[in-house]
Amino acid sequence: MHRRGRLAALAALTGVWLLATGPAAAAHGALVSSDPAGGSSLERAPGAVTLRFSERPDPGLSTVRLLDSGGRVVAGGPARPVAGRPQELRLPVAGLPAGGYTVSWRIVSAVDGHRTDGVFGFGVGAAGAPQLPPSQAAAEVRAGHSPAALAVAGRWAWYWGLALLVGAAATGLLVFGGRLPGRPGPLLGLAVASAAAGLVAMTLAAGGDAGVSVGDVLASANGRWLLWRAAALVAAVAAAWWLLARAGSAAGSPDPAAAGPLAALGAAGAAGMLLHALAGHAAGPSSLRLLNLLAQWTHLLAVGVWVGGLAWLLAALWARAGGWSSREVVGRFSRLAGTSLAVVVVTGVARTADELGGWGRLVDSGFGRALDLKLALFAGLVGLGALNRYRLVPLFRTGARRRAAARLRRSVGAELGLAAGVLAAAALLSQLAPGATAGAARPAAAATPVLEASGADWATTVRVTLTVTPGAAGPNRFTATVADFDSGRALPVDRVELAGTPQAHPDLGTARLELVEAPDGRWLGQGRLLSLAGRWDLTTTIQRPDGGVTVPLAVEVPAPAPS
C-alpha cells in the first residue's frame, strides 16, 4: 500500500476507534423543570406531576412513574402530552398520603430519537421530606448513556449509501456525460445495501434504546420518520433498476436518455437526506428552524456529491486502468469537487455555530471533542483533495497520463479512507447532544447538586468531599466520600456523622445527621440538617478501625427566591 494510503487508513481507523470509545452522551431531552419541583416539600398532595423537557418527547416511547418511599408504583404508564405544550408530559395522581415520593421518567426525544431518563423526589405533608432510595440519592438525572454502537454504525452505513446514490447522479450528469463508468451495478448495489442495512440498524437501535419492540418503534413519531426513509430507499431502488436497464442498452457509450434515471436516482438520495435532516437536531425548536434545516440538507447534499463522487471517480479510474486518460473528465470532477467543498465548509460552519454553543465547547463537551476529531479528519481530506487538484490533475495535460492516473487512483483511495472516518464522526455527532443544549438545560433543583464542600483533618491524612442536593434551606440529600489525602483512594470507614451550626444563629444549637454507607462506597443521608439560609459550619466525624478523626467543612445555603 502506498504511504498516503497507509496514513489515511491509519487516520480512519484511529478515528473509528476514538469514536467507539468516545465520551458518554450528554442529555438530549434534558429535564428543564417539574411541578412539583425536585427536592420540594408540599403541604398538600398535587393532582398531577408535570415535567418540561428541552426537546419534544415522543409520547409513544416515553413513560413517567411515581413511586412511594417503599418503592411501590402508585401511578405511572405511558406519558400524556400536555395540550398546546409539546415539550411537557403530565402524569395524573390523586389522593397521595403524606410521605416521600420519587418520580422516575424515561423519554425518547421526538427531535432525534435519543433517550434520557432520570429521577427526582418530593415530599407531601409535614413528614414528607424526599426519601429517595440510597441507590438513587444524588443521582437525579441519568443522561450519560454512551452512544450505542449499533446506532452509530447504522447512521454511518446510511450516510455512505445516500452519498453513493447522490454522487452517482452528480457525476453521471456532470462528469461522465450522461452515464456511469464501467459496470455500475455492483457499486449501485453496494449503495442500496449499505443504506438498507443502516436503516435496519437504526430501527433496531431505537427499539433497544427505548426498551420496546420494533413494532412499537414504527408506530411512534420517530418510527414514522424511519418509514419515510424506507420509502425514499424504495424509490432509489426503482431508479437504480431503471438506470441499469438503460446502461445495458447503451452498450457503454454516453446515453443522453439516461439523464432521467440519473436524475431520479439523485432525487431519491436527496429525499433520504432531507428526511434525515427533518428527524435530527436541525429540526429542533428554534426561530431559525427553516434556515437550519436548509443548511443541514445542503450540507448533506454537498458531502454526497463530493464523497460519493470520489467513489465513482475511483471506479472510473479502475475501469480504464492504464488507458483512461480523459483530462476533460478529470477536470470536470475537480471543479465539481471544489464547488462541493466550498458548500460543505460554509454550511458546516453555519451548523456548527448553531449547535456548538460557543467555541469553548470544543474542549469541554463530548459533542465538541467529537467535532474536533471530525475537523481533523476533514482537514486531512481537504489536504489530499488539494494535492489532487494542484499536482495530479495538471499531469493529465502532459504526456504522462498513465502515470497520473495511477497516482490519482492511490490518492483518491486515500481520500475515501479519510472520508470513512469523517462520516463515522458525523454518525457519532448525530448521537450526541449539541453543545448548545448539553450545557443549557441543567436546572439545579431538578438535576445537579448545588452545594459542594471539601476539607481535610488537621494532620492531612483524610479528605472529605460533600455534595448537597438541592442545596436549599430545608430537606436535602447529602453525599460524602472519604478518601486518603495523598492517593485519593477510598478509605474503609465504620461510621460518618455530620454536625452543623448556622454562623448567624449559634444559639440554635448543633444539628446532627448520621450517614449510611452505599454499596459504591459513598456515604448518604437525607434530612433537614440545613434548616436556614446562610453560612453553616459543618463537622464531619469519621470513625475508622484505627480511631476517629474530624474534618471541618463550610457551606453557604442560598436564600429562597422571592415569590
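What you are looking at is a predicted structure, and each value in this text was computed from that prediction instead of being measured. Nothing fancy with the numbering, it's 1 onward along the sequence.
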For this session: Compare all side-chain heavy atoms of L301 with those of V305 and state whether any distance is below 4.5 angstrom.
Result: no
Exercise. Roughly how far, to the nearest 0.5 Å, is the CZ atom of R155 from the NE2 atom of H276?
Worked result: 5.5 Å
For this session: Measure from the side-chain N and O atoms of W297 to the backbone N and O of A270, and report whether any donor-acceptor pair falls under 3.5 Å.
Result: yes
Problem set entry | For R85, all residues meeting salt bridge (Lys or Arg N to Asp or Glu O under 4.0 Å), sequence neighbours excluded | E88
Exercise. Within the distance-only criterion (no hydrogens, no angle test), does the side chain of N476 pair as donor or acceptor with the backbone N or O of G471 below 3.5 angstrom?
Worked result: yes
For this session: Indicate yes or no: at least one non-hydrogen side-chain atom of T479 is less than 4.5 angstrom from one of W523.
Result: no
Exercise. Would a 4.5 Å heavy-atom cut-off, applied to side chains only, mark W241 and L265 as touching?
Worked result: no
Exercise. When you measure from the side chain of T469 to the backbone N and O of R477, does any donor-acceptor pair fall under 3.5 Å?
Worked result: no
Problem set entry | side chain to side chain donor-acceptor pair (under 3.5 Å) against T347, all qualifying residues, sequence neighbours excluded | H299
Exercise. Side chain of N222, backbone of S109: donor and acceptor closer than 3.5 Å?
Worked result: yes
Exercise. Are the side chains of W536 and L451 in touch, meaning some heavy atoms are under 4.5 Å apart?
Worked result: no
Exercise. Any sub-3.5 Å donor-acceptor pair from W306's side-chain atoms to V344's backbone N or O?
Worked result: no
For this session: Could you tell me whether the side chain of L66 reaches within less than 4.5 Å of the side chain of V73, counting heavy atoms only?
Result: no
Exercise. Would you call V82 and L89 a side-chain contact if the rule is heavy atoms closer than 4.5 Å?
Worked result: no
Exercise. Taking side chain as C-beta onward, heavy atoms only, is V124 less than 4.5 Å from P46?
Worked result: yes
For this session: Grab the two heavy atoms, one from A268 and one from A232, that are nearest each other, plus how far apart they are.
Result: CB-O, 3.8 Å
For this session: Measure across L529 and R512 and return the closest heavy-atom pair with its distance rounded to 0.1 Å.
Result: CD1-N, 3.8 Å
Problem set entry | Side chain Q87, main chain R52, donor-acceptor under 3.5 Å | no
Exercise. Any side-chain heavy atom of L243 within less than 4.5 Å of one from L262?
Worked result: yes
Problem set entry | Exercise: do T481 and R522 side chains pair donor with acceptor under 3.5 Å | no
For this session: Measure from the side-chain N and O atoms of S194 to the backbone N and O of A191, and report whether any donor-acceptor pair falls under 3.5 Å.
Result: no
